[in-house]
Amino acid sequence: MFEGQPKGLWTLALANTGERFGYYTMLAVFTLFLQANFAFDEKLTSTIFSSFLMLVYFLPLFGGILADKFGYSKMVTIGIFVMFTGYVLLAMPLGKDSLAIIAMAGALLLVSLGTGLFKGNLQVMVGDLYNDPHYAEKRDAGFSLFYMAINIGAMFAPTAAIKIMDWAQTSLGVSEADSYHYAFGVACASLIVSILIYYIGKPTFAQVISNVKKDVKSTAETVANELSPKETRERIICLCLVFAVVIFFWMAFHQNGLTLTFFARDYTATSSTGFESMMFDVTNLVAAIFIVFGAFSLFQGKTSKEKIIGASLILLPVAYLYWNYTNMPEVTKISAPIFQQFNACFVVMLTPVSIALFSWLAKKNKEPKAPVKIGLGMLVAAAAYLLMTLGSLGLPTPEYDAAGNNLHMADVSPNLLVNTYLILTFAELLLSPIGISFVTKVAPPKYKGMMMGGWFVSTAIGNFLVQIPGYLWGNDLYIVWGTLMIICLVAALFIFSIIKKLNKVA
């Protein structure tokens, strides 16, 4: 699984891991911060949240255009420093007045702009690693590994946010509203780590930097000359059709920070006992991940040393889990943001399974092409919201007290949300890393920065539409989840209706 990948993949992945850790630490508590600090209601919170996500994923279009002209590495570096400035502004406790709201809006703009310069261009650099024929066949697997690595940062982010906030309240005596700024401070520190990794590891991807700044223009022009205007137009049309589907996936997927968080807060049990409670300790999730990786090493290892390492990766985590189980508290408190750790955990845990499955299918010449995987991803996402629909039947509609604060309506088992995140992760692995790989492969070379930006623009539109279910919050829950389910089904039907056209260029 890890063999035969270019060294630069791991440097770029770790640099992105640091940046994603900061981003998801901030995102895990952002909607709750808006309500606790500024007393915004769900509708205004939904609008701010979705608008921010839209900008984060829209601005890579312009970041890609700039990088096509001035160089990808340069834009990545500038982007990190711009993001850092935004997080510093968020970390400053400026109060609750109009000035604080303006500062918050400015911070969001800086984080969005920095991400626009950083995120897409870093992924283009990853794609350029596979322009070497020696690595060409490993492109999809490479992007899956890249995606797995950056989700390691996202996995620890909710726990980091909750722990630093608890520490600030108990040790420093700050209020809950002010404690959010400490979580934003963690994002600042993570970006410092990210830039250090990027600069220290530059020798591992030096060929990409050279290509971007000097050679890629001539190379792109050479390859572009081999593509007729008709072929170029056909590729761009196919990418735009995929982008149209991606819009609705991200609209459904990014409910993790909005309506699914509202459900965690208002309808999910606030405590857990017994074996179930172990999943709310991120170290137990890490142990489970090691067991999965150990199993692959044990059964796929070619040498006795690899098998011994695999067995150790199973036995030691199992021993840790047993020890932790025998020493855990009787009751474990559950905070709404903690559920956001599960998606990232499942990405890391299931990526080896995904790669192994598609490698096995490839050997039998039965591996589906990227557009088919994307269509299947939409069907799986629909299944996730079918589960939420069924699990919410009979639950009361959201209610509020006289001051407009939400009321806790029920104590639904946390397993409903955890299983929903598991299914959504299957969908994500079929769609997101495969879709990014598809863009880097199909995009006409002289437009690759712009086309990668187009992928993020579709994500941005989807993120802006995230607010629609937020506005539906307050109605019967089956209306919220059923709407998302139907949207995913329609998107899946659309992509399968044009699958032959897409497979021609895949």
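Predicted model, so just to flag it, every value in this text is computed and none were measured. Along the sequence shown, residues carry numbers from 1.
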Check the side chains of Trp473 and Thr259 for a donor-acceptor pair under 3.5 angstrom, ignoring hydrogens and angles.
-> no
Give a yes or no on whether a salt bridge exists between Lys373 and Glu367, defined as a side-chain N under 4.0 angstrom from a carboxylate O.
-> yes
Side-chain donor or acceptor of Ser112 paired with backbone N/O of Leu55 under 3.5 Å | no
Among Val480, Leu258, Thr483, find the one that has a side-chain contact (heavy atoms from CB on, under 4.5 Å) with Pro469.
-> Val480
Give every residue pair that meets the salt bridge (charged side-chain N to carboxylate O under 4.0 Å, His left out) criterion with at least one member in residues 248-266, sequence neighbours excluded.
-> Glu42-Arg265
When every non-hydrogen atom of Tyr147 is compared with those of Ser432, the smallest separation belongs to OH-OG, 3.1 Å
Please report the shortest heavy-atom distance between Gly63 and Leu117, naming the atom on each side.
-> CA-CD2, 4.0 Å
Taking atom CZ of Phe38 as the centre, report whether more than 12 heavy atoms of other residues, nucleotides or ligands fall under 6.0 Å from it.
-> yes
Pairwise side chain to side chain donor-acceptor pair (under 3.5 Å) hits with a residue in residues 388-400, at least two apart | Ser392-Trp481
Within the distance-only criterion (no hydrogens, no angle test), does the side chain of Ser413 pair as donor or acceptor with the backbone N or O of Asn415 below 3.5 angstrom?
-> yes
With sequence neighbours left out, what residues match Ile461 under side chain to side chain contact (heavy atoms under 4.5 Å, CB included)?
-> Ile247, Val457, Leu465
How close do Ser272 and Ile334 get, heavy atom to heavy atom, and via which atoms?
-> CB-CD1, 3.7 Å
Between atom CD1 of Ile152 and atom CD1 of Ile289, what is the distance when rounded to the nearest 0.5 Å?
-> 7.0 Å
Find out whether the Lys NZ or Arg CZ of Lys369 is both under 6.0 angstrom from the six-membered ring centre of Phe438 and within 45° of the ring's axis.
-> no
Asn343 (side chain) donor-acceptor with Tyr421 (main chain) under 3.5 angstrom = no
Under 3.5 Å, is there a donor-acceptor pair between the side chain of Gln255 and the main chain of Val466?
-> yes
Judged by modelled atom types alone, do Thr115 and Tyr57 share a side-chain donor-acceptor pair under 3.5 Å?
-> no
Flag side-chain contact, heavy atom, 4.5 Å: Phe263 against Leu416 = yes
Is the side chain of Thr159 donor-acceptor paired with the backbone N or O of Phe156 at a distance under 3.5 Å, no angle test?
-> no
Check Asn16, Leu113, Leu191 against Phe118 for a side-chain contact (heavy atoms from CB on, under 4.5 Å) and give me the one that passes.
-> Asn16
Are Phe280 and Phe339 near enough that their ring centres are under 6.0 Å apart?
-> yes
Is there a donor-acceptor pair under 3.5 Å between the side chain of Asn463 and the backbone N or O of Thr459?
-> yes
Check whether the ring centres of His181 and Phe33 lie less than 6.0 Å apart, and answer yes or no.
-> yes
Taking atom types as modelled and ignoring hydrogens, do the side chains of Gln169 and Ser179 form a donor-acceptor contact shorter than 3.5 angstrom?
-> yes
